[in-house]
Amino acid sequence: MTEILDLVRSCATKAKAAAPALAAATDEAIDAAIGEMAARLSSARGAVLASNAEDVAAAEAAGMSGGLLDRLRITEERLDGMAEQLRLLASVPHPAASRKVGTLDGGFDLIEVRKPVGVIGANYEARPNVTIDVASQLVKSRNAGVLRTGSAALRSAQALLDRVIAPGLSDVGIDEDVIQLVPTPDRAAAGALVELPDLIPLVIVRGSGETTRELDRRAAQHGVRTLAHADGGGVLYYDAEADPDFAADLITRSLDRLGVCNRLNLLLVHKAVYDAALPGITAALEKAGVRASLPPHEHPIGYEWALDGDNEATVTIAPVDDLQHAVRVANEDTSGLAAGIVTTDEKAAEAFFAAYTGTGVFWNAPTRLLDGFKLLGVPETGINLDRVPGPRGPVTFTDLVLRQYAVRPGGGAA
């Protein structure tokens with residue numbers, strides 16, 4: 001464990017040493033670096049896809065489930081999508097570094113200043129695209145980073161760092177050390193990442209539920225703050241006034257990918273229409289290649305199938321007494337990631353919106369839309385589910401800053 005901690009500390013030390021130069025970089029340099037990364041995703045396409053193919057082959061040999069393999073695999077189309085997201089991120093305007101927010105007694109100006117955190121860690125599952133998403137968001141927010149990915153994606157992540165991220169930075173004169181990848185598959189590296197408060201004060205934590213919650217608890221013991229994305233699972237309430245054909249289509253669209261956190265996991269159906277709706281629901285699930293888990297259930301309602309390789313192609317279906325019952329289940333028995341209502345009744349939809357307390361709420365729309373790029377037009381570092389003040393929902397580069405108040409004599413520029 002000492003050896004792994006020293007390895008992570010070495011990465012963090014390099015990132016911290018390079019961080020001031022990134023913080024001082026111009027907007028133009030930052031955006032040029034991200035643009036270069038997009039270009040290199042194309043020019044280094046062969047090397048990236050070859051490394052990913054090695055990861056996929058090893059994961060298949062180890063018996064990885066289909067949904068997790070889907071998350072691990074980079075296709076030509078997905079690589080093109082990654083490059084397009086980088087180009088879009090490069091074009092997004094930078095928020096003002098400071099703004100005047102008021103005038104104090106004595107004629108002083110009150111200025112709100114945005115400053116980078118310094119070094120931010122990220123621990124995430126075996127999804128190669130997240131390496132690009134997180135690294136680009138850190139660069140855009142002028143934060144250095146120490147990344148640690150699941151062992152299944154380490155070859156892909158290393159290729160993305162060596163062939164895309166590092167040269168994209170160095171090509172525009174930014175020290176490539178600002179983005180570090182922990183070069184070991186050892187799981188102990190995840191724990192080490194949250195034990196270095198003087199080097200890495202904030203860590204983005206993504207992955208399977210209990211593992212991520214344990215890292216969150218461990219970070220708190222060491223004085224490290226986290227932005228945690230531990231659980232997923234979308235909820236859909238099928239109202240008594242739902243249009244059956246529209247609902248069936250919505251269910252199918254909510255299951256276009258299974259190994260993702262925002263897909264449909266739990267379907268709650270008003271008991272007045274449950275029997276009549278069930279054939280259409282099961283047909284929609286069959287169309288998506290998904291099984292129905294019907295009452296009586298041998299598992300808790302709200303169970304996150306997407307984190308269980310044996311049951312990922314499953315949706316739990318349960319009758320509820322009414323809208324209030326559905327909201328109570330969504331609020332109390334699920335992760336609080338996202339819930340939607342399918343109905344033609346506007347008053348019912350408004351009541352659902354008012355009562356649901358989770359991160360994202362939807363009316364006649366799939367919870368799959370709860371995604372930084374789909375909602376906000378930029379990649380996300382994760383989806384924060386905390387029920388406390390601070391960044392909640394998809395976390396993007398605009399959230400990865402510290403706020404400072406500056407007081408100066410009146411009349412100066414912000």
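This is a predicted model, so every value here is computed, not measured. Hydrogens, waters and symmetry mates are skipped; everything else that's a heavy atom, side chains included, is used.
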Sub-3.5 Å donor-acceptor pair from the side chain of [X] to the main-chain atoms of [Y], do we have one?
X	Y	value
Asp177	Ala18	no
Thr149	Glu125	yes
Asn143	Val117	yes
Arg206	Thr381	yes
Arg263	Leu258	yes
Asn123	Ile204	no
Asp175	Val178	no
Thr367	Ala338	no
Arg78	Arg73	yes
Gln137	Phe397	yes

Do [X] and [Y] pair up side chain to side chain, a donor and an acceptor below 3.5 Å, judged on atom types alone?
X	Y	answer
His270	Asp321	no
Gln180	Lys14	no
His297	Thr316	no
Arg368	Asn262	yes
Asp162	Gln158	yes
Thr131	Tyr124	yes

message: If you apply the rule side chain to side chain contact (heavy atoms under 4.5 Å, CB included), what do you find for Thr184 with Leu154, and how did you get there?
response: CA-CA 8 Å; Thr184 176; Leu154 188 55; 5.7 Å; no

Working for side chain to side chain contact (heavy atoms under 4.5 Å, CB included), residues Val224 and Glu195: CA-CA 7 Å; Val224 172; Glu195 295 183 2; over 6 Å; no

The single option from Ile165, Leu160, Asp80 passing side-chain contact (heavy atoms from CB on, under 4.5 Å) against Leu41: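 Result for side-chain contact (heavy atoms from CB on, under 4.5 Å) with Leu41: Leu160.
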
field: Sole residue of Ile301, Val315, Leu236 in side-chain contact (heavy atoms from CB on, under 4.5 Å) with Leu266
entry: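 One option only clears the test, and that one is Ile301.
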
query: How are the rings of Phe352 and Tyr356 set to each other: parallel, tilted or perpendicular (split at 30° and 60°)?
result: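 Phe352 vs Tyr356 ring planes: parallel.
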
What are the two closest heavy atoms between [X] and [Y], and how far apart are they?
X	Y	result
Ala284	Ala248	CB-O, 3.5 Å
Pro95	Thr398	CG-CG2, 3.9 Å
Phe362	Phe353	C-CE1, 3.7 Å
Leu250	Pro366	CD1-N, 3.5 Å
Pro319	His325	O-CE1, 4.4 Å
Leu255	Ala288	CB-CB, 3.9 Å

Rounded to the nearest 0.5 Å, what separates atom [atom1] in [X] from atom [atom2] in [Y]?
X	Y	atom1	atom2	result
Leu5	Ser10	CG	OG	11.0 Å
Asp55	Ile74	CG	CD1	8.5 Å
Leu88	Ser136	CG	OG	11.0 Å
Asp186	Arg148	CG	CZ	8.0 Å
Arg403	Ser98	CZ	OG	14.5 Å
Arg99	Arg114	CZ	CZ	9.5 Å

Electrostatic pair [X]:[Y] at N-O distance under 4.0 angstrom:
X	Y	result
Arg127	Asp133	no
Arg217	Glu214	yes
Asp109	Arg408	no
Asp216	Arg225	no
Asp31	Lys140	yes
Lys100	Glu112	no

[X] vs [Y] side-chain heavy atoms within contact, under 4.5 Å:
X	Y	value
Pro394	Asp399	no
Arg257	Val260	yes
Cys261	Ser335	no
Asp27	Ile30	no
Glu380	Lys374	no
Asp171	Glu36	yes
Ile120	Val203	no
Phe373	Val378	no

message: With salt bridge (Lys or Arg N to Asp or Glu O under 4.0 Å) as the criterion, how do Glu76 and Arg45 come out once you've worked through the C-alpha distance, each side chain's angles and the decisive distance to 0.1 Å?
response: CA-CA 8 Å; Glu76 295 271 0; Arg45 175 184 299 263; 2.4 Å; yes

Taking atom [atom1] as the centre, does [X] end up with more than 12 heavy-atom neighbours from other residues, nucleotides or ligands that are less than 6.0 angstrom away?
X	atom1	result
Phe108	CZ	no
Arg291	CZ	yes
Lys271	NZ	no
Arg40	CZ	yes

query: Does the side chain to side chain contact (heavy atoms under 4.5 Å, CB included) test come out yes or no for Val320 and Val269, once each step is laid out?
result: CA-CA 6 Å; Val320 289; Val269 185; 6.0 Å; no

task: List the steps, then state whether side chain to side chain contact (heavy atoms under 4.5 Å, CB included) holds for Ile111 with Tyr405.
output: CA-CA 6 Å; Ile111 311 297; Tyr405 284 120; over 6 Å; no

- request: Start with the C-alpha distance between Arg9 and Asp198, add both sets of side-chain angles, then the distance that settles salt bridge (Lys or Arg N to Asp or Glu O under 4.0 Å), and finish with yes or no.
  value: CA-CA 10 Å; Arg9 182 182 285 111; Asp198 293 337; over 6 Å; no

